[in-house]
Undergrad: 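The structure that follows is given in the form of structure tokens.
Here, residue 1 is the first one in the sequence, and each next residue gets the next number. For ligands, and for the atoms within them, numbers begin at 1 and follow the listed sequence.
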Amino acid sequence: MTRHTSTCQNRGVEETETNEIRARFAPSPTGHLHVGVARTAILNWLFVRHHKGKFILRVEDTDQARSSRESEMKIIEDLRQLGTDWDEGPDIGGQFGPYRQTERLDMYREVAETLLKKGAAYRCFLSQEEVDSRREQALASGESTILRSPYRDALEEVWQEKLAAGEVPTIRLKVPDYLEEVVFNDLIKGEIRFKAETIPEFVMLRANQTPSYNFAVSVDDALMKISHVIRGDDHLTNTPKQILVYRAMGVESPLFAHIPMILGADRSKLSKRHGSVSVGQFMEEGYLPQALVNFLSLLSWSSESKEEILSMDRLIDEIDLDRISSSAAIFDRSKLGWMNGQYIRGMDEEDFIRSALPFLKKAGRPADDSEITRKILLSIQSKIETLQQIDHHVSVFYDDDTTPDSDADAIAQTEESQRIYRAFVEEAGKVDLLDLKGFRSVMKNVQKKSGVKGKHLWMPIRVGLTGKTQGPDLPIIIETLGKEHCIKRVRRFIQQEIS
Ligand code: GLU
């Protein structure tokens with residue numbers, strides 16, 4: 001018998017240029033949008049927009065016990081917040097819908113039926129227990145655990161009899177006898193080969209008439225005319241199974257690009273153990289959608305310019321699957337923080353205030369868009385990496401009795417600082433209003449009285465007013481605190497004189 005290789009000759013993007021580029025993002029709505037999955041969505045989206053193709057959102061909800069509409073809605077909301085949009089999807093419909101797998105069950109059944117008729121699939125009457133026990137036996141005897149069902153080549157009478165007796169079979173894909181290997185050219189990983197005997201004759205349609213993941217995905221990608229499947233490389237071993245379904249259906253395989261995993265700093269798969277992992281969580285912590293998109297896009301790819309802050313338009317312009325690295329990417333949280341800080345600094349005043357106010361409110365501060373609130377927020381815009389850090393940075397404006405930092409406390413305790421504080425309380429008490437003008441005149445007198453000037457004067461004053469050696473500029477602090485609070489704050493550092 002002649003043995004064949006199923007080669008899925010991958011054309012490059014250029015060769016598909018005459019046909020439309022169609023890529024899809026196919027989340028399973030079983031929870032939140034993980035940043036790794038979001039990165040897959042973003043790369044697909046950038047790729048499609050670069051090639052002026054169509055981006056399809058398909059909801060893979062066949063695992064009904066774990067899927068929920070709530071999760072689907074949240075995923076859609078997060079994708080929108082990230083700035084991605086799609087041309088076809090469950091919420092907007094399209095030519096190849098429906099776009100939820102549970103609404104496509106008839107299609108899977110129909111294709112399974114056709115493949116049975118063609119002899120590319122077979123009815124299998126093994127129960128799950130029988131499958132498991134065959135596996136155990138194979139393991140015990142050191143044989144291949146790839147199932148060879150006794151029903152694979154059964155005579156028609158055998159399965160007709162079973163059907164007549166009311167037994168409900170699963171439908172398994174047949175790996176053709178003459179097939180030696182499945183070869184495809186991954187756009188990121190290069191040529192990949194799978195020996196035919198390592199590819200299981202997997203269940204396409206379960207006894208309850210629902211499709212397995214590998215079957216539903218292939219049928220959908222074929223019927224939705226997907227040209228490029230760009231997904232995580234955890235799906236690599238599914239690909240030969242899917243190629244065999246396309247082949248059985250008599251359609252051309254899409255092109256595959258398997259993008260590398262994202263790992264935590266310890267090089268294990270990025271998970272909750274490493275901190276936040278969902279897009280929703282990152283946004284709640286005050287990461288900006290544009291910064292997340294920028295950061296996630298660059299996890300396994302870089303701009304030829306070596307620049308790292310790239311607008312959406314530039315990302316679309318520069319994305320290139322050829323430049324995606326095939327090795328795992330490390331999720332570097334400090335780099336994300338840095339990048340988010342850059343985006344926060346780059347926001348115009350109105351944008352920043354609008355984004356910052358909800359975080360001020362969450363921190364339990366008056367979030368009223370008044371002149372003073374705006375000033376407070378703008379004074380820390382360049383100091384924060386996430387909007388959530390607003391809470392920590394504004395405390396200096398609102399709390400009179402925070403515990404001073406230890407280095408600040410050491411400064412406050414010196415004899416020189418004590419002299420400054422006594423003079424300050426006395427002089428500030430004399431002015432009606434401790435506005436900027438009043439403050440300047442008070443400080444002139446404090447300088448005279450204490451005999452201290454320059455940074456030796458200003459640092460103790462900063463410490464006295466804020467309990468910290470660093471922070472927003474003093475004028476904005478004075479302006480927001482007013483006379484009573486300034487005196488109260490400085491007074492608490494004054495040690496009782498022992499007479
Ligand atoms: N629904 C699959 C997942 O969430 C994606 C399938 C695919 O991209 O082929 O992992």
Undergrad: Give a yes/no on ligand 1: does Q242 have at least one heavy atom closer than 4.0 angstrom to it?
TA: no

Undergrad: Between D132 and R135, is the closest basic N to carboxylate O distance under 4.0 Å?
TA: no

Undergrad: At what distance is the nearest protein heavy atom to atom 9 (O) of ligand 1, and which residue and atom is it?
TA: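 Atom 9 (O) of ligand 1 sits closest to the protein heavy atom R231 NH1, 2.7 Å.
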
Undergrad: What residue and heavy atom of the protein are closest to atom 8 (O) of ligand 1, and at what distance?
TA: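 The closest one turns out to be R24 NH1, 2.8 Å.
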
Undergrad: In terms of side-chain geometry, is the basic nitrogen of R58 or D221 positioned less than 4.0 Å from the acidic oxygen of its partner?
TA: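 Yes.
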
Undergrad: What protein heavy atom sits nearest atom 10 (O) of ligand 1, and how far away is it?
TA: H235 NE2, 3.0 Å

Undergrad: How close does the nearest protein non-hydrogen atom get to atom 5 (C) of ligand 1, and which residue and atom is it?
TA: A26 O, 3.3 Å

Undergrad: Among all protein heavy atoms, pick the one closest to atom 4 (O) of ligand 1 and tell me residue, atom and distance.
TA: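 For this ligand atom, the closest protein heavy atom is S28 OG, 3.3 Å.
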
Undergrad: Looking at R69 and E72, is any side-chain nitrogen of the basic one under 4.0 Å from a carboxylate oxygen of the acidic one?
TA: yes

Undergrad: Between F331 and H274, is the ring centroid distance below 6.0 Å?
TA: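 No, the ring of F331 stays outside the 6.0 Å limit from the ring of H274, centre to centre.
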
Undergrad: Do you know which two heavy atoms are closest between A222 and M249, and how far apart they sit?
TA: CB-CE, 3.8 Å

Undergrad: Would Y213 count as a contact residue for ligand 1, given that I'm defining contact as a non-hydrogen atom of the residue lying under 4.0 Å from a ligand atom?
TA: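 So Y213 counts as touching ligand 1.
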
Undergrad: For a ring-ring contact (aromatic ring centres under 6.0 Å, His included) check, start with the C-alpha distance between F282 and H32, then their side-chain angles and the critical distance, and finish with the verdict.
TA: CA-CA 12 Å; F282 277 104; H32 55 229; over 10 Å; no

